[in-house]
Amino acid sequence: MTVAREIRIEGVVQGVGFRPTVFRLANKYGIKGWILNSSEGVTIWAEAPQEIIDVFLQEILDHPPKLAMIVKHSIKPRDLQGFDHFFIKHSEKSDHRDVIISPDVSTCEDCYQEVMDPHDHRYHYPFTNCTNCGPRFTIIMDVPYDREKTTMRDFPMCPECAHEFEDPMFRRFHAQPNCCPECGPHTTLCDLEGNVYQGLGHQFLKEGKILAVKGLGGFHLVCDATNGESVAALRRRKVREFKPFAVMCKDLDVAKRYCRISPQEAELLESPAHPIVILELLSLDDLPPETAPGIDTLGVMLPYTPLHHLLFNEDLEILVMTSANISDDPLIIDNDEALEKLKGIADYFLLHNRKIFNRCDDSVAAVVGGDAQIIRRARGYVPLPVDLPVEPPAVMLGCGGDLKNTFCMTKERGAYLSQHLGDINHYGNYQQFLYTIPRFETMLDVKPEIVVYDLHPDYLATRWAKGQKGLRKIGVQHHHAHMASCLAENQVTEPALGVVCDGTGYGLDGTIWGFEFFAGTPENLERMAHLSYMPLPGEITIKRPARMSFAYLYELFGDAGLKYAQRYLPELSREEQQVLVRQLENRFNTVLTSSCGRLFDAVSALLGICTKVQYEGQAAIEMETLADVNIANTYGFEFCTGTRPYTLGVRGIFEGILADLNNDTPVSEVAGRFHSTIAEMIIMVLKKMREDTGLNLVALSGGVFQNELLFLLLRRRLAEDGFAVFYHKKVPTNDGGVSLGQVYIASEVIRKDVSCHSIQDLED
Ligand code: ZN
Ligand code: FE
């Protein structure tokens, strides 16, 4: 008996080839009716015998298109209408917008083959895409996802493309950005004098010139990575002396010539998101030292648009590809802006006329101890949601921190993190923060009811949040948010222990926290232990680790510390040392800190590894690079367990390091021993906390856990001691993940209707 059923499917189901797949299945099973892209996802009307419809639905659920992500589905009986065929209905805009927009997807194999086939009419066409690949988030202006609501609306389809778009048997059926050389966008290669050139600029790259190339989420500055002079010139012009540049390799084989690549890393490199993957260099001599100075890793990505594939040839197999921005301002996305702002940096400009609507940096990821971990979450991942363990009782907006900012907006159980927005103390990044929030509101069709902010009174994100009218505002301590972020992405709801090793976060007592131990549930965390406070002599110390080293030496050893400083910190002049002594004595312009990042800085500088940093974490990264991983013995330290919070003292560590230095122990050995010691300290505190609380789950969070040596050492030791360990994979362990923790805490505060001293609650 023929029946009618209405099937609704929600999730990432638009722009991923869902309708043609369903169309083909309907034909296969002889099902009549239709499918419709609606604002909720897709709706299918199916008329056939019940058991056929069941098989049909099961096949959809079991084998959805590669890029689809089904979040939920429902099936309801309806009255038979007697359709005589199956067809695709046109989009309608309904009240809800429960459809999840797809992130941008790297070029698929089919499109790649076409682009490389001299007989294909898309031969060498840089904007080739299909239902399985191409631009998505970066070109979408509104929902539902239709060409008219993307920046591709400027390019009406030619009859041939329209035909591919209309016919469900083609792989470009309803590929919204579908285009070809006849009707789609085009590139222009030019210089600042207005001269226009043929081609994509291979000859210029080969000559060592620097190109500004408009990509998917913004511009890159590009040069031949094997040409030391070009790379040096790029560093000089971009005023970026030490921060490593990412490279793009022609293909996986080329990447394997430069880096050690595990099967898992290869999979990550070739995943639909195509992130930059941090890989171990095979040799420090294969590439000019200008590419990644001072470290033995390289950020590598593979071409993710046809334009990128076409930039390579036999002579150009590895290119530096660094975000085109000026001094940490947002990525440039606009042709005119590129010509204006990259004057003096780029020699030539490879532009195109498709607008970028949502600016989006390359994502950065790494495989650490068998897990793919995201370090910077942007292109290819955003706007996919991360599920919260429990649905928040209201729409939340977590504003994040000021550095590595992301915000996080909720809709039902989904936590939608924005793309990495960078340091919003830079005007342009702050502007981007301001205009990306309403875009997420439009995209998700939600209005935040609760704004969650970091307690740091000087954070711009915090000031913005507090200025919002008519909303409830909840302030959350930075490291509470870090821990909650880790619990959220791991779906942990029970009480847990947490270790947060971080750079800087405003503490509940007005000091700067950063090496913190907590126990409890997100809305009610007790600070069980922390690193002993040390005075931080001025904000500038964050950029100059030698000053932090000096503070440790002087505070721990007094006048004897001055002698060590003279011996081991030649970077600090006599005058500066005298000023520092006065500053530390009078506590003038100093703030107390328990930061783990600063402890790493201090040790790195004391070992003479890094005394000045040009990018966040540099001192620790260079120390990790040098550290001998086989050193298992540790320095002494002081764990004071009188009253909670317990404290960790590091006098023993510094005594040990100074003795080692005095004995000319190799720096690599000292660095290795320091890492082992930190891991041992954490284990000792956690064991005590387990004794106190009976809890055995441990969440690890904070930027310091990007340190692979420390992370892996700790993870192994925790497992040996029987702890269940959780850490970040889906969102960054650094401040890029804080906004997720903010919304999780606020959600639990409201859901459980608690008020506790550590949560600031402002009602308008
Ligand atoms: Zn066309
Ligand atoms: Fe942090």
Side-chain angles (χ1 to χ4, degrees), residues 364 373-377 398-408 417-418 420-425 429 433 452-462 465 475-489 498-518 522 525 527 530-531 533 536 539 541-543 548 591-601 613 615-621 678 682 699-707 710-711 726-728 730-746 758:
V364 182
Q373 298 185 354
I374 295 194
I375 298 163
R376 181 168 79 190
R377 194 174 181 275
C399 297
D402 269 11
L403 299 172
K404 297 191 168 70
N405 179 272
T406 63
F407 63 80
C408 176
L417 282 91
S418 71
H420 164 87
L421 300 176
D423 178 355
I424 61 171
N425 287 294
N429 294 336
F433 170 82
V452 199
Y453 60 89
D454 192 280
L455 294 178
H456 201 308
D458 297 331
Y459 272 0
L460 287 177
T462 297
V476 167
Q477 200 277 325
H478 186 86
H479 303 106
H480 287 186
H482 267 297
M483 175 173 168
S485 173
C486 181
L487 297 175
E489 74 153 273
V499 188
V500 183
C501 288
D502 201 30
T504 297
Y506 195 80
L508 292 172
D509 55 2
T511 67
I512 299 297
W513 292 7
F515 196 159
E516 312 300 320
F517 297 80
F518 302 110
L525 292 173
R527 188 189 197 201
H530 63 88
L531 183 70
Y533 289 128
L536 177 85
E539 191 78 351
T541 302
I542 293 174
K543 296 252 153 83
M548 198 64 217
V591 47
L592 290 176
T593 183
S594 55
S595 164
C596 185
R598 295 296 86 73
L599 174 61
F600 272 76
D601 283 357
V613 304
Y615 61 92
E616 205 192 341
Q618 185 184 346
I621 292 169
I678 298 296
I682 295 172
L700 308 180
S701 189
V704 173
F705 287 123
Q706 274 173 237
N707 182 319
L710 175 67
F711 171 78
F726 294 96
Y727 44 90
H728 291 276
K730 295 178 191 161
V731 305
T733 193
N734 59 46
D735 282 9
V738 160
S739 59
L740 173 65
Q742 291 176 335
V743 301
Y744 186 33
I745 290 179
S758 63

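Order of listing sets the numbers, starting from 1, for every ligand and every atom in it.
The N, O or S atom of D735 with the smallest distance to the Fe ion (ligand 2) is OD1. Distances from the Fe ion (ligand 2) to each N, O or S atom of D502 single out OD2 as the nearest.
Residues meeting the side-chain hydrogen bond (donor to acceptor under 3.5 Å, both in side chains) test with D502, sequence neighbours left out: H478, H479, H482. Under the rule for a side-chain contact (heavy atoms from CB on, under 4.5 Å), the partners of T406 that lie at least two apart in sequence or sit in another chain are L417, S418, S739.
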Problem set entry | Derivation of the side chain to side chain contact (heavy atoms under 4.5 Å, CB included) call for H420 and R377 | CA-CA 6 Å; H420 164 87; R377 194 174 181 275; over 6 Å; no
For this session: Go through the steps for S701 and Y727 under the test side chain to side chain donor-acceptor pair (under 3.5 Å), then give the verdict.
Result: CA-CA 6 Å; S701 189; Y727 44 90; over 6 Å; no
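Residue H479 does not count as close to the Fe ion (ligand 2), with no N, O or S atom under 2.8 Å.
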